[in-house]
Amino acid sequence: MRELAKAYEPKQFEDNVYKKWEDSGFFNPDVCVQKGVCKKNAKPYSIVLPPPNVTGTLHMGHAAMLAIEDVLVRYHRMKGDKTLWLPGTDHAAIATQTKVEKILMEKGIKEPKVELGREKFLAEVDRFAQQSHDTIVNQSKKMGSSLDWNREAFTLDEKRNLAVRTVFSKMYKDKLIYRGYRIVNWCPRCKSTLADDEVEYKEQSAKFYTFKYSADFPIVISTTRPETKLGDTAIAVNPDDDRYKQYIGQTFEVKNFAGGNDLKIKIIADTAVDMSFGTGALGVTPAHSKVDYDMAIKNDLPIIKIIDEDGKMTAQAGKEYVGLTVKEARKKVVENLIASGLMIEEKDIPNNLSVCYRCGTPIEPLPSNQWFVAVNKKFKFKGKNIKGINVGDEVTLKELMLKVVENKQIEIIPDRFEKVYFSWINNLNDWCISRQIWYGHRIPVWYKDKKIKVDVEAPKEEGWVQDPDSLDTWFSSGIWTFSTLGWPEKTADFKNFHPTSVLETGYDIIFFWVARMILMTTYALGDIPFEKVYLHGMVRDDQGRKMSKSLGNVIDPLVMIEKFGTDATRLSLLLGTTPGNDIKLSEEKIAGFRNFTNKLWNISRFMLLNVPEPKKDIKAPKGKTEADKWILGKLDKITTEITVNLENYNFAYSGELLRDFTWGDLADWYLEVAKIEGDKAEILNYILNTLLKLWHPFMPYVTETIWQEVYGENEMLMVVSWPKLKIKEIPNSFETIKNIVSSIRAVRAENKIEPAKKIKAVISAGEQKKLLSKNLEIIKGLGRLEELNVKNTIKKPKNYVGFVESGTEVYLDVMGDIDVEKEKVRLNKEIEETENYLVSLQRKLNNADFVAHAPAVVVEKEKTKMQETEEKLNKLKNQLKNIV
RNA sequence: GGAUGAUUAGCUCAGUUGGUUAGAGCGUUGCAUUCACAUUGCAAAGGCCACUGGUUCGAAUCCAGUAUCAUCCACCA
């Protein structure tokens, strides 16, 4: 074994270590079984990686996801579980297509799709997707992710396509997928539909116009979108509104509205109309508003589509308007209304504009023929694995989605997101799954004349034409937990690893993805996709702002890895975080963990200098001294706590415990003691082994590097067994030594005694005499004392400064005459504080209610405290008396 | 409009079923550099636990309300 370098240089080791891991095959559970790392019948533990979009590069959010999942996976692998972490990427239909279009347009191709045609355009997208994929894979490896690359999947590859077609036709046959002419969210730039949750709202100020359809029209209405009024077929008023009651049911004709077509406006009643908003009368545009559409259906009103898929006015808007953009049409309508004296008021109001979540273009609601998944329709349930629902029960998809979370078959961490999930489902409408874009799974529906065919495979006969639309990207990612495991084939992987153990992802995609996975899986398999959902927060900058290019506050994981190492970057995303809460990140934070990584390296370095022949399978030693027993006991204790907290997905706390142990207890105390006591090869060897194992899931690189430096290149920490749990009482006698040393140091610092200077001390130790005598050299060494006298009782020597600690009185020679007045002030202050504390304790114990109600243990504890405080007070008072 | 979260040291956050004289890291201040590590050590300063009530022998912790900030959902034409 060679000596470790003075400082840890991540760059020297990381890539090599990753390559070794990969070459070993241990990322693959089958290899683990083959090579005896885990038993054949071991408990499976599986996570599918939330597939990053192939739209570019990884960001800190991905880094957080990879770090968290790798901790879980590495822990379970070491624990001996048959552990699979399955990687993949998402084709992200609209997002990717939009990105490629943009790139091509920047290259000077004005209308890429028109100029290239479907085939060539898709080839461009594929090329881009492949590039992004390669980048993402490399970056994931940089993060140290122990993903099984053999099983890598892509949401748009052939196997996944088969799974998609299979689920689609199954759903169609169960009549849960249907085609309908409905109002959909239309993005005129993407030229595609969007699902309800793909619509975002942008707050803005809008012009609110109040006008009459015609001079003799009895009701005045208001709108922010005058151009849509060309398609109005009704006015809705509240049935209780006295102003308008008389008109309900009547129909009014408007000639040549705003210079356009004639309108027929029926006055209808609807309780949804707010009497106090605007004029209390609402112009109904059935074709271009979801709410209006519903009213139109209820009241049997005509639906006039006046805006087309390009965002331009149709012929139905009138020949004056046809071909105009929405914006142009609005201007023209307004001008017309003003010119004809019908405009009554224009004012600015705050308004939520709906925009496309991918490109920010305002959404145009319009009626269109699309494919939907019916979420409220009953079907016969065929699965067996949903608690409370039996084979043959009539259920809806919504009920399935609710049931599995309600009955805790799926547990969401943190649980407050269950409420969010429930409320979303309760408001869920049928899911529009068809998209008018080219990049994606083509809908497995074929038409011939007026016939329609839906199947997994294309019809063999000539003449069938496939539906040109593709599927919402979430349709394919919704089946991700099982499509990745080979379904619909009956694979061993599917049998072994499904349902998966946990889905770990950001809370921002709970609706987009988590909910849809639950929907698709409970339907298709009659089973849950995962047992737990762990939601992490968004990674933000140090001020809590979203990271964005325009703000210039983006922290790039690769840059941080380059600068501080992967382990430091991982720790910064793991520690000091809580589930579901946002993670504030700064370079300083990562630098801090870089320091810790180096500390661990140097701790190991020091320990190894004291272990002549390190052994990797060393049993827990007993320990001879107080310090030995203390550190070994602590190590056992935190091993258990860390394990329990990892099991409970409380890995941040695990890591913090381990850091505090490593830096505080081990480095700052025990190793310093070891320098004095010496002869600790066995204990140091044992602690080092355990420490590296415990840290490995969090800091795989530095721990693996040390392990292999020590035990040789053929050893691999990654698959070493997790430490066994032992419950042992920690003798706290060493705490007394610690406290006395700390107090000596504090008094020295107060009296400005240089650390290097050795001074004399005496201790009046009472009952602690034996303990202190045993640890005399430690107190001397760590307290920098040249002479230490421990007696049962000792009188304060002249010009010594005294203090009371852990039942002992310590006197220090502070070298020179002490300022008696200053000492008095100090002592008096401490006496006062102690008295106050004593009073509060007495008050508590004199309170009959407290003694009667509080548990005996608590009362006992308070009594002990009081005794100790009384003793301390006496000693302090004595010191004051003897000071002169 | 509805919901959720946050509010603890200058900053970032712990505080696990109510029982500590309220903790950590960073930052600040002082001292220290042959002895594993200056990517370090030792020590110090720094807090009416947002506010107001309530429950309790006992509240940072439980309940109600208020305020500020953040996020999500719905959406008014």
Side-chain angles (χ1 to χ4, degrees), chain A residues 3-4 6-8 197 201 208 221-225 228 236 272-274 276-285 289 291-292 349 351-352 354 414 416-417 419-420 423-424 427 507-508 510-511 537-538 542-544 564 568 575-578 580-586 588-589 591-610 644-645 648 650 652-653 656 659-660 663-664 667-668 671-672 675 742 745-750 752-756 782 784 833-834 836-837 840-841 844 847-855 857-859 861-862 865 869:
Chain A
E3 200 176 296
L4 297 186
K6 248 189 151 183
Y8 174 60
D197 44 309
Y201 295 91
F208 194 50
I221 62 160
S222 300
T223 185
T224 52
R225 297 203 55 188
T228 63
V273 178
D274 179 355
S276 61
F277 189 87
T279 62
L282 155 65
V284 179
T285 320
S289 152
V291 180
D292 294 8
I349 59 159
N351 179 254
N352 269 338
S354 15
R416 65 184 144 90
F417 282 97
K419 270 190 204 164
V420 181
S423 71
W424 184 77
N427 294 318
Y507 65 71
D508 55 330
I510 181 164
F511 306 135
M538 304 295 106
D542 55 352
Q543 293 167 54
F564 302 112
L575 272 55
T577 68
T578 33
N581 288 330
D582 290 349
I583 303 166
K584 280 184 201 158
L585 190 66
S586 61
E588 292 75 45
K589 192 173 169 187
F593 284 112
R594 183 269 321 266
N595 295 356
F596 178 70
T597 312
N598 187 57
K599 184 77 185 178
L600 181 67
W601 176 267
N602 271 290
I603 286 170
S604 308
R605 182 173 130 91
F606 172 77
M607 291 169 107
L608 288 166
L609 291 173
N610 292 281
V644 168
N645 281 291
N648 294 328
N650 205 353
Y653 188 59
E656 285 156 30
R659 182 201 52 200
D660 294 346
W663 208 324
D668 293 341
L671 295 188
E672 293 306 319
K675 286 177 190 169
S742 289
R745 285 168 172 172
V747 172
R748 288 179 60 119
E750 259 171 47
K752 307 255 181 250
I753 294 169
E754 290 169 28
L782 300 186
R784 312 283 306 160
E833 278 169 9
T834 313
N836 287 342
Y837 182 43
S840 76
L841 286 170
K844 211 177 208 179
N847 182 346
D849 282 331
F850 171 71
V851 181
H853 292 270
V857 197
V858 175
V859 178
K861 225 164 117 189
E862 295 300 306
K865 271 193 225 161
T869 312

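Order of the sequence lines fixes the chain letters, A, B, ..., with proteins taken first and strands second; residue numbering starts at 1 for each chain. Both backbone and side-chain heavy atoms feed into the values below; hydrogens, waters and symmetry mates do not.
Using a 4.0 Å heavy-atom criterion, one finds that D274(A) contacts the bases of the nucleic acid, with or without backbone contacts as well. Counting any heavy atom pair closer than 4.0 Å across all strands shown, N610(A) reaches no nucleic acid atom. Nucleic acid contact for A281(A): none, since no nucleic acid atom lies under 4.0 Å from a heavy atom of the residue. As judged by a 4.0 angstrom heavy-atom cut-off over every strand, S840(A) is placed among residues making no nucleic acid contact. Across all strands shown, T224(A) has heavy atoms under 4.0 Å from sugar-phosphate atoms exclusively, and none from any base. Residue A746(A) is in sugar-phosphate contact alone, with no base atom involved, counting any heavy-atom pair closer than 4.0 Å across all strands shown. Note on R659(A): only backbone sugar-phosphate atoms sit closer than 4.0 angstrom, heavy atoms only; bases stay farther off. Using a 4.0 Å heavy-atom criterion, one finds that S423(A) contacts no nucleic acid atom at all. Using a 4.0 Å heavy-atom cutoff across all strands shown, N650(A) reaches at least one base atom of the nucleic acid. Among the atoms of the strands shown, base atoms are found under 4.0 Å from some heavy atom of R594(A). Using a 4.0 Å heavy-atom criterion, one finds that V857(A) contacts no nucleic acid atom at all. Nucleic acid contact for E672(A): base, since at least one base atom lies under 4.0 Å from a heavy atom of the residue.
The phosphate of G41(B) (OP1 or OP2) has a side-chain N or O of W663(A) nearer than 4.0 angstrom. Taking only side-chain nitrogens and oxygens, K675(A) never comes nearer than 4.0 Å to OP1 or OP2 of C35(B). The phosphate of A14(B) has OP1 or OP2 within less than 4.0 Å of a side-chain N or O from T578(A). Within the structure, a side-chain polar atom (N or O) of K865(A) is placed less than 4.0 Å from OP1 or OP2 of U21(B). In this model, the phosphate group of U16(B) is not approached by any side-chain N or O of N645(A) to a distance below 4.0 Å at OP1 or OP2. Distances shown here put a side-chain N or O of S742(A) below 4.0 Å from the OP1 or OP2 atom of A43(B). Here Y201(A) does not reach the OP1 or OP2 of A74(B): none of its side-chain N or O atoms lies under 4.0 Å away. Here K599(A) reaches the OP1 or OP2 of G41(B): one of its side-chain N or O atoms lies under 4.0 Å away. Taking side-chain N and O atoms only, K419(A) has a distance below 4.0 Å to OP1 or OP2 of U4(B). For A36(B), the OP1/OP2 oxygens have no side-chain nitrogen or oxygen of K6(A) closer than 4.0 Å.
With values rounded to the nearest 0.5 angstrom, F564(A) atom CZ is found 9.0 Å from N595(A) atom CG. The distance from atom NZ of K6(A) to atom CZ of R605(A), rounded to the nearest 0.5 Å, is 6.5 Å.
Between Y507(A) and F417(A), the ring planes lie parallel to each other; the angle is under 30°, not in the 30° to 60° tilted range.
The two residues L782(A) and E672(A) come nearest to each other via the heavy atoms CD2-CB, 3.7 Å.
Residue N352(A) contributes atom CG, which lies 13 Å from atom P of G1(B) at whole-angstrom precision. Regarding I510(A), its CD1 atom lies at a distance of 10 Å from the C1' atom of C72(B), rounded to whole Å. Residue F850(A) contributes atom CZ, which lies 14 Å from atom C1' of A59(B) at whole-angstrom precision. Rounded to whole angstrom, the span from the CZ atom of R225(A) across to the P atom of C76(B) amounts to 12 Å. Going from atom CZ of F277(A) over to atom P of C75(B) covers 15 Å, rounded to whole Å. When rounded to the nearest whole Å, the span between CG of D582(A) and C1' of A70(B) equals 8 Å. A straight line from NZ of K752(A) to P of U29(B) spans 14 Å, rounded to a whole angstrom. Atoms CZ (R784(A)) and P (A43(B)) sit 14 Å apart, rounded to a whole Å.
In this structure, the nucleotide among C73(B), A43(B), G19(B) sitting nearest to the side chain of N427(A) is C73(B).
L575(A) has its side chain within reach of F593(A): a pair of non-hydrogen atoms, C-beta onward, lies under 4.5 Å apart.
Using N1 to N3 plus N6-O4 or O6-N4 for Watson-Crick, or N1-O2 and O6-N3 for G-U wobble, each under 3.5 Å, C35(B) pairs with nothing. Nucleotide A64(B) forms a Watson-Crick or G-U wobble pair with U52(B), both donor-acceptor distances falling under 3.5 Å.
Both tests hold for K675(A) against F606(A): distance to the six-membered ring centre under 6.0 Å, angle to the ring axis within 45°.
When each of Y507(A) and E833(A) is assigned the nucleotide of RNA chain B bearing its nearest heavy atom, the one mapping closer to the 5' terminus is E833(A).
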Could you please spell out the steps behind the side chain to side chain contact (heavy atoms under 4.5 Å, CB included) verdict for E3(A) and L608(A)?
CA-CA 8 Å; E3(A) 200 176 296; L608(A) 288 166; over 6 Å; no
With side chain to side chain contact (heavy atoms under 4.5 Å, CB included) as the test, would you mind laying out the steps for S604(A) and L4(A) before giving the verdict?
CA-CA 8 Å; S604(A) 308; L4(A) 297 186; 4.2 Å; yes
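With hydrogens and angles ignored, no donor-acceptor pair closer than 3.5 Å exists between the side chain of N598(A) and the base of C37(B). At a cut-off of 3.5 angstrom, counting only N and O atoms as typed in the model, there is no donor on one side facing an acceptor on the other between the side-chain of E3(A) and the base of A36(B).
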